[in-house]
Visitor: 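Mind having a look at this structure? Questions to follow.
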Amino acid sequence: MKSRNGNFIGRIELERIGVRCGGDEIRIHESVVLIDAERLELSNHVRVDPFCILSAGGGIVLGSHIHIAAHCSLIGGGGIQIDDFAGISHGSKLLSASDDLSGNYLTGPTVADEFRNVLQAPIHVGRHVVIGAGAVVLPGATLGEGAVVGALSLVRHNLPAWTVWAGIPAQQVHERSRGLLGLEKLAKPLTGPTREPNQQ
């Protein structure tokens, strides 16, 4: 199968720029923007597709068997942790930092910190969570094990385990089967620890 601009970089190149890697089955497309790479930790069996942004100022930790599809943004000012077997679909945004939009403060990174009020709170994506295409997760949200977020949804609070959410703001629409847990044992062995994101 032929491809163009399909080059991925692996563990050796990532470790050269300070990324902590827990295995050799790591593939990051060469177009991915890595900011504060020394605060990025990858376990094993991780793939990040083209045109993503991983800004790890407050720490980003990816477990094993993680796929982040193209055009995703992980803004880790408040820290982001994604546990094993989770998937982030095309164009999703995980924003662990956000400006205060009340009108009482200035906004944007070109303004001195003394004039801004930035909310930073960690995002935790549990095992087997799936975030649908174009979804947005805001600071402080914890997505419980097995939770599903529908495409184009907005998550601004915690989601219970094994539930399905959709809409703006996201509302629960179903429960999810736990049947996939039996298949987990058939996957390749996991390697590398999963640690809490570094906090600023």
Side-chain angles (χ1 to χ4, degrees), residues 1 3 5-76 78-94 96 122-133 135 137 141-149 161-162 176 178-199:
M1 181 181 300
S3 63
N5 297 332
N7 294 328
F8 284 78
I9 58 177
R11 179 177 187 165
I12 294 173
E13 291 175 80
L14 290 166
E15 288 182 338
R16 282 185 188 139
I17 61 169
V19 177
R20 290 173 287 167
C21 299
D24 293 322
E25 298 297 322
I26 296 171
R27 300 178 69 216
I28 308 292
H29 192 268
E30 64 181 5
S31 67
V32 172
V33 176
L34 300 175
I35 300 170
D36 295 319
E38 68 282 359
R39 305 197 79 179
L40 176 61
E41 181 178 344
L42 313 174
S43 288
N44 203 10
H45 306 286
V46 172
R47 190 178 100 191
V48 181
D49 288 347
F51 311 116
C52 291
I53 300 171
L54 276 62
S55 180
I60 295 177
V61 177
L62 304 183
S64 291
H65 296 281
I66 302 294
H67 176 227
I68 299 175
H71 296 276
C72 288
S73 296
L74 276 64
I75 308 304
I80 296 174
Q81 178 171 323
I82 301 178
D83 294 342
D84 301 339
F85 294 103
I88 315 298
S89 299
H90 188 97
S92 293
K93 312 287 187 259
L94 278 64
S96 67
I123 291 174
H124 184 188
V125 176
R127 292 166 51 83
H128 298 291
V129 166
V130 177
I131 298 176
V137 180
T142 294
L143 284 59
E145 180 180 78
V148 172
V149 177
W162 302 103
R176 187 182 186 200
R178 292 171 170 80
L180 59 83
L181 293 174
L183 300 174
E184 187 177 322
K185 297 177 178 72
L186 303 176
K188 292 181 180 179
L190 304 179
T191 60
T194 298
R195 298 197 295 247
E196 292 295 322
N198 294 323
Q199 299 298 315

Visitor: So which heavy atom on Leu14 is nearest to which on Ile9, and how close?
Guide: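 Here Leu14 and Ile9 meet closest at CD2-CD1, 3.8 Å.
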
Visitor: Under the side chain to side chain contact (heavy atoms under 4.5 Å, CB included) rule, collect the residues that match up with His71, sequence neighbours excluded.
Guide: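 For His71, the residues satisfying side chain to side chain contact (heavy atoms under 4.5 Å, CB included) (neighbours in sequence not counted) are Phe51, His90.
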
Visitor: If you take all heavy atoms of Gly79 and Ser96, which pair is closest and at what distance?
Guide: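 That closest heavy-atom pairing would be N-OG, 3.4 Å.
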
Visitor: How about Ile131 and Leu94: do any of their side-chain heavy atoms sit closer than 4.5 Å?
Guide: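 When only atoms from C-beta onward are counted, Leu94 and Ile131 do touch, with a gap below 4.5 Å.
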
Visitor: Would you indicate whether the side-chain heavy atoms of Asp84 and Arg127 approach each other to under 4.5 Å?
Guide: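 Arg127 vs Asp84: side chains touch.
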
Visitor: Out of curiosity, Ile53 CD1 to Ser31 OG, how far, rounded to the nearest 0.5 Å?
Guide: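 Answer for the CD1-OG pair, Ile53 versus Ser31, is 10.5 Å.
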
Visitor: Once rounded to the nearest 0.5 Å, what's the spacing between atom CD1 of Ile80 and atom OG of Ser55?
Guide: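 Ile80 atom CD1 to Ser55 atom OG measures 8.5 Å (nearest 0.5 Å).
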
Visitor: Is any side-chain heavy atom of Ile26 less than 4.5 Å from a side-chain heavy atom of Val19?
Guide: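 Ile26 does not reach Val19 side chain to side chain.
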
Visitor: Taking all atoms of both residues into account, what is the closest heavy-atom pair of Ile68 and Cys52, and its distance?
Guide: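 Closest heavy-atom pair between Ile68 and Cys52: CG2-SG, 4.0 Å.
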
Visitor: Supply the atom-to-atom distance Ile88 CD1 to Leu62 CG, rounded to the nearest 0.5 angstrom.
Guide: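 Separation between the atoms: 8.5 Å.
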
Visitor: Would Leu181 and Trp162 satisfy side chain to side chain contact (heavy atoms under 4.5 Å, CB included), going step by step from the backbone distance to the final call?
Guide: CA-CA 11 Å; Leu181 293 174; Trp162 302 103; 4.0 Å; yes

Visitor: Determine the minimum heavy-atom distance between Gly126 and Ala86, stating which atoms define it.
Guide: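 In this case the closest contact between Gly126 and Ala86 is O-CB, 3.8 Å.
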
Visitor: Return yes if some donor-acceptor pair links the side-chain N/O of Ser92 with the main-chain N/O of Gly132 below 3.5 Å, else return no.
Guide: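 Yes: the side chain of Ser92 pairs with the backbone of Gly132.
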
Visitor: Once rounded to the nearest 0.5 Å, what's the spacing between atom CD1 of Ile82 and atom CD1 of Ile66?
Guide: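 Answer for the CD1-CD1 pair, Ile82 versus Ile66, is 6.0 Å.
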
Visitor: Are Asp83 and His124 close enough that a side-chain donor and a side-chain acceptor fall under 3.5 Å?
Guide: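 Present: a donor and an acceptor within the cut-off.
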
Visitor: To the closest 0.5 Å, what do you measure between CD1 (Ile60) and CD (Glu41)?
Guide: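 Ile60 CD1 to Glu41 CD: 11.5 Å, rounded to 0.5 Å.
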
Visitor: Write down the atom of His29, the atom of Asn5, and the distance for their closest heavy-atom approach.
Guide: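 Looking at all heavy atoms of both residues, the closest pair is NE2-O, 2.8 Å.
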
Visitor: For the pair Arg176 (side chain) and Gly146 (backbone), establish whether a donor and an acceptor sit closer than 3.5 Å, ignoring hydrogens and angles.
Guide: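 Side chain of Arg176 to backbone of Gly146, a donor-acceptor pair under 3.5 Å: yes, one is there.
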
Visitor: Please report the closest heavy-atom contact between Asn44 and Gly22, naming both atoms and the distance.
Guide: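 Looking at all heavy atoms of both residues, the shortest contact is CB-O, 4.3 Å.
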
Visitor: Output every pair passing salt bridge (Lys or Arg N to Asp or Glu O under 4.0 Å) with a member in residues 45-73, not counting sequence neighbours, ordered by first then second residue.
Guide: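 Qualifying pairs: Arg47-Asp49.
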
Visitor: Among His45, Glu25, His128, which residue meets the side-chain contact (heavy atoms from CB on, under 4.5 Å) test with His65?
Guide: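 Passing option: His45.
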
Visitor: Would you check if Glu184 and Leu186 make a side-chain contact, meaning some heavy-atom pair closer than 4.5 Å?
Guide: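 The answer is no; the side chains never approach within 4.5 Å.
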
Visitor: Mind checking salt bridge (charged side-chain N to carboxylate O under 4.0 Å, His left out) for Glu15 and listing every partner two or more places apart, or none if nothing turns up?
Guide: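 Here the qualifying residues are Arg11.
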
